[in-house]
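Working notes, structure below.
By convention here, the first residue in the shown sequence is residue 1. First listed ligand is number 1; within each ligand, the first listed atom is number 1.
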Amino acid sequence: MTSKMESRGYFGEFGGSFVPEELQQVMDILESEFLKYKDNPEFKEEFQYYLKEYVGRENPLTYAQNLTKKIGGAKIYLKREDLNHTGAHKINNAIGQILLAKRMGAKRIIAETGAGQHGVATATACAMFGLECVIYMGKLDTERQALNVFRMELLGAKVVAVEKGQGRLKDAVDEALNDLVQNYKNTFYLLGSAVGPHPYPSIVKHFQAIISEESKRQILEKEGKLPTAIIACAGGGSNAIGAFTHYINEENVRLVGVEPAEAPSISQGVPAVLHGFKSLTLLDEKGDPQPTFSIAAGLDYPSVGPEHSFLKDSGRAEYVTIKGEEALEAFQILSKTEGIIPALESSHAVAHALNLAKELTKDDILIVNLSGRGDKDVEQVFKMLK
Ligand SMILES: *Cc1c(COP(=O)(O)O)cnc(C)c1O
């Protein structure tokens, strides 16, 4: 069900691998190594072991009783990725890729990060597996996520602040790819979202699919039926694709991706190649990637994972936008009603769930993927509200 790799990682017209020859060789090796290990029983067992003993899975599917009562429509469940070690879904993928890197003999891990969450997840996994770790981060992001930078350094990683371009996530991606081209012999590029050249979108989906594997089992146990809709925020699209995977073939389950209105790649983008893959991308008149300004650093990316572009085009999934201020309100509502402070990224999904729940009945069920916790955002929210 996960990662059909026919046609070199194309999802309809989207995806593929648009990289220089030298980097393509690295991608080819990565693809064959991934295919070799992904269904290998020992590899799977090791992945399961760390998910359970280190990440703390399975995490709950919490019925948001107070919120449901307050809104008065569909039953709202929260898939609690916020309860994972390091506080978000990204650790699932970081552990999976590190295990693959180790099998491939890598000594050095590089990664890029926007919100800092993927950098923290990567630095955490590198610390535990004893691997050298270099994290590229846009200069602006190092400033607005200064505590995450310090966290990565505590974990033993070297953080490189990228000043080129806008000093944002996409600039960090460029730098990481340059590093990989130069050092691929001993270096594994641990990509944080369901983006990048093939095979990365399929690899990330494979490791994040645990989210929907669990939630499907959990909702059937609790309700004896599948949900009306799954709602997840989409930046690069990894938590969303993981939350969708095991429902893609369940045609009665609506799949809803929520983008920030300030970076609506899927809703308003055009097909274009950026960072080695083709997907819906926000371009300016000159054809350059458009600057984006979401209050959620993790959603601030002008493109999106290729499978989401395909799911939108094929009509299987719906994508909506939520404004920063609506997310900020949802952040406060969830905190007050349920005692759960969500990440600003996840707050976009919560905000849409509140809108959708009102239109539905109490026989409907919504699963909101709570991709992460909001501790990292509390200081920023404090400043925005004062
Ligand atoms: C990074 C991040 C996101 C966005 O990344 P996706 O690849 O779109 O999932 C969403 N929520 C949280 C908490 C994050 O840290």
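Residues K90 and E81 are not paired through a salt bridge, judged by the lack of any N-O separation under 4.0 Å between the basic side chain and the carboxylate. Looking at K158 and E153, no side-chain N of the basic residue comes within less than 4.0 Å of a carboxylate O on the acidic one, giving no salt bridge. Between K225 and D364, none of the side-chain N atoms (NZ, or NE/NH1/NH2) sits under 4.0 Å from a carboxylate O, so this pair counts as no salt bridge. A salt bridge links D82 and R80; the closest N-O separation between the charged side-chain nitrogens and carboxylate oxygens is under 4.0 Å. Taking 4.0 Å as the cut-off between side-chain N and carboxylate O, E345 and K376 count as a salt-bridged pair. A salt bridge is defined here as a Lys NZ or Arg NE, NH1 or NH2 lying under 4.0 Å from an Asp or Glu carboxylate O, and R254 with E318 meets this definition. Here R217 does not pair with E214 in a salt bridge; the nearest charged N to carboxylate O distance is not below 4.0 Å.
Close approach to G372 involves these atoms of ligand 1, each under 4.0 Å from a residue heavy atom: 13 (C). With ligand atoms numbered from 1 in the order given, ligand 1 contributes 8 (O) to contacts under 4.0 Å with heavy atoms of G235. The ligand atoms of ligand 1 that sit less than 4.0 angstrom from a heavy atom of S193 are 6 (P), 7 (O). The ligand atoms of ligand 1 that sit less than 4.0 angstrom from a heavy atom of C233 are 10 (C). Close contacts of ligand 1 with A343, meaning ligand atoms under 4.0 Å from a residue heavy atom, involve 13 (C).
At under 3.5 Å, a nitrogen or oxygen of G237, whether backbone or side chain, sits near a nitrogen or oxygen of ligand 1. In terms of polar-atom proximity, defined here as any N/O pair under 3.5 Å, E345 makes no such contact with ligand 1. Some N or O of G236 is nearer than 3.5 Å to an N or O of ligand 1, by distance alone. Ligand 1 has no nitrogen or oxygen under 3.5 angstrom from a nitrogen or oxygen of K376.
Close to ligand 1: H89, with a non-hydrogen atom less than 4.0 angstrom away. At least one heavy atom of K90 sits under 4.0 Å from some atom of ligand 1.
Here the protein heavy atom with the shortest distance to atom 4 (C) of ligand 1 is G298 O, 3.3 Å. Among protein heavy atoms, atom 12 (C) of ligand 1 sits closest to S371 OG, 3.5 Å.
At a cut-off of 3.5 Å, with distance as the only test, no side-chain donor of E262 or S294 sits close to an acceptor on the other residue.
Of the listed options G374, S238, A121, S238 places a heavy atom closest to atom 6 (P) of ligand 1.
Geometric assessment of K278 against the ring of F18 yields a negative cation-pi assignment under the 6.0 Å and 45° thresholds.
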